[in-house]
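What follows is a short report on a single structure.
Indexing begins at 1, ligand by ligand and atom by atom, following the structure's order.
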Amino acid sequence: MSMPDVSSLSLTSKPSSEHHDDEYANLASILDRYKEKIAAFPKEKGWMGLDLYMYQGFWYSSGDIFSIETTLAVQETFQVHSTDIYLATQPKSGTTWLKALAFAIVNRKRYKKSTLSTHPLRSANPHKCVPFLETDIAKKTPTYLPENQPRLFGTHMPYIALPQSIHDSGCRIVYMCRNPKDVLVSLFHFGKKLSDRLRTEMSMDEMLEVYTKGLTPYGPYWDHVKEYYKASTEDPTRVLFLTYEDMKKDTANKLKQLAEFLGYPFTEEEEANGAVEEIVRLCSFETLKEVNQHGNFREGVPNNTFFREGKVGGWNNELTKEMSQIMDDITTEKFQGFDISI
Ligand code: PAP
């Protein structure tokens, strides 16, 4: 079985003029198409000194593959398939893990004959196996394989920004949420690794300030989470709401729940044969980290930037009591009336 021919993506990337290949050959025309439109949007400096644009209540960077422009392009031109599956997250909430789990579940018959060591996830970054909706649109050739049914996509787009056709088609959407303090710390470290490529390096104090103002790509975090949560309570057969923390605590059972929701439940025979545990191991932090020690996800973004600690509660060593309190107060206020436990 050939590997999915998919290319690299990341939260931040160089502007089109600095790309050395034509992988994102459509980006320049997309940026050009929406230039005038975004000039009218509210603009603020945010995470890592990026100019962020407000659209439909959320902040987006510009001039990039993860941007306001590619979001607008998705809204205008993306063609949904009713069998598509969308894996949605706030950046740093477990995107890479969720992509690996869903890919392994959905494709387990396809790779049944391969030994664990030849499974695509044993050699490729999960982001290469499952493309992002909002970056694929800028590619010369879409990275999902037409023969792959269902098509799997990751996305950081807020619920409100998803094309209406996704909602109308009844596609399945999985959302993974993570404790905002761990998300903040994870994003802080990710930014540090990329700081040579961006304009401003940030202290943790500055990070907290932009984060609490929602001034991160696809922020504010809390609104992003609430929209998907609300959709999951309105139609749990269409939107599954998971947390990184639950997935960590009880990976096997949560994996079974995910498989069931996606329409790929494990049979009794599979369970007896250890198929669930096999996927848990294949997608574990330790396994994926080892696979992704070398190589670049894309220019300037090493694969290993997606695998740092992979823990619950790591924020405890990085945020002061005061910082933690600020985050807790905002979370309590914003999540009031929502039964979201992280
Ligand atoms: P992205 O949104 O840029 O794709 P995302 O995968 O959501 O990033 O977040 C990366 C975080 O998930 C990292 O957390 P940390 O900084 O707190 O360590 C990373 O370590 C963690 N992570 C990646 N893969 C796994 C995994 N298999 N199991 C658990 N955590 C993981």
Side-chain angles (χ1 to χ4, degrees), residues 6 8-13 47-48 61 64-66 86-105 119 121-122 124-135 152-158 174-194 204 207 211 216-219 221 224-225 228 242-252 254-255 258 279-293 296-298 300-319 342:
V6 291
S8 57
L9 309 160
S10 96
L11 188 58
T12 57
S13 68
W47 180 66
M48 305 295 290
S61 61
D64 196 345
I65 53 173
F66 285 96
Y86 297 92
L87 309 171
T89 50
Q90 256 285 305
K92 306 301 154 200
S93 297
T95 323
T96 318
W97 192 16
L98 182 60
K99 281 184 173 186
L101 292 168
F103 182 84
I105 288 170
H119 192 285
L121 288 168
R122 290 293 309 183
N125 189 322
H127 289 299
K128 296 201 173 194
C129 299
V130 180
F132 276 103
L133 176 62
E134 60 271 39
T135 61
L152 281 170
F153 293 97
T155 185
H156 291 319
M157 285 167 63
V174 181
Y175 188 75
M176 189 179 269
C177 160
R178 186 183 188 190
N179 184 317
K181 293 192 279 193
D182 279 332
V183 174
L184 181 156
V185 168
S186 186
L187 188 60
F188 174 75
H189 286 288
F190 183 69
K192 267 175 122 53
K193 289 191 183 131
L194 303 173
M204 190 59 99
M207 178 73 205
Y211 198 86
T216 55
Y218 308 97
Y221 161 94
H224 200 278
V225 173
Y228 279 98
L242 298 172
T243 69
Y244 180 94
E245 290 73 20
D246 283 349
M247 189 57 88
K248 269 293 215 191
K249 198 158 71 184
D250 191 3
T251 314
K254 283 288 156 188
L255 177 63
L258 175 61
I279 291 182
V280 171
R281 271 199 306 280
L282 176 68
C283 301
S284 71
F285 177 78
E286 291 72 24
T287 307
L288 294 183
K289 184 172 179 158
E290 187 197 313
V291 171
N292 288 279
Q293 259 174 4
N296 279 344
F297 183 50
R298 60 175 293 135
V301 185
N303 281 325
N304 63 22
T305 51
F306 296 93
F307 309 92
R308 193 181 61 92
E309 283 191 338
K311 286 189 188 144
V312 170
W315 61 265
N316 218 2
N317 305 320
E318 314 241 4
L319 301 183
I342 24 164

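By heavy-atom distance, the residue among Arg308, His189, Arg178 lying nearest atom 14 (O) of ligand 1 is Arg178. In this structure, of Lys92, Gln90, Lys311, His127, the residue bringing a heavy atom nearest to atom 9 (O) of ligand 1 is Lys92. Nearest to atom 28 (N) of ligand 1 by heavy-atom distance, out of Phe66, Phe190, Trp97, is Trp97. Taking each of Trp315, Phe306, Phe307 in turn, the one with a heavy atom nearest to atom 10 (C) of ligand 1 proves to be Phe306.
A donor and an acceptor atom, one from each side chain of His189 and Glu318, are located under 3.5 Å apart.
Using a 30° and 60° split on the angle between ring planes, Phe103 and His119 fall in the perpendicular class, above 60°.
Ring to ring, Phe306 and Phe190 are close: their centroids are under 6.0 angstrom apart.
Checked by distance only, ligand 1 and Gly310 come closer than 3.5 Å through their nitrogen or oxygen atoms. Inclusion of Gly94 in the set of residues having an N or O under 3.5 Å from an N or O of ligand 1 is warranted. Some N or O of Glu309 is nearer than 3.5 Å to an N or O of ligand 1, by distance alone.
In this structure, Asn292 and Asn304 have side chains that are not in contact, with every pair of non-hydrogen atoms separated by 4.5 Å or more.
Within the 4.0 Å heavy-atom criterion, the part of Leu288 lying near ligand 1 is the side chain and not the backbone. For Ala100, no heavy-atom contact with ligand 1 is shorter than 4.0 Å.
Tyr221 does not carry Lys92 over the face of its six-membered ring by the limits of under 6.0 Å from the centre and within 45° of the normal.
Heavy-atom distances between Ser93 and ligand 1 reach below 4.0 Å in at least one pair. Under a 4.0 angstrom heavy-atom cut-off, His156 registers as being in contact with ligand 1.
Proximity of a side-chain donor or acceptor of Lys181 to a complementary backbone N or O of Trp315 within less than 3.5 Å is not detected.
Expressed to the nearest 0.5 Å, how far OG1 of Thr251 lies from CZ of Arg281 amounts to 12.5 Å.
Put simply, the residue from Arg178, His156, Gln90 that forms a side chain to side chain contact (heavy atoms under 4.5 Å, CB included) with Thr95 is His156.
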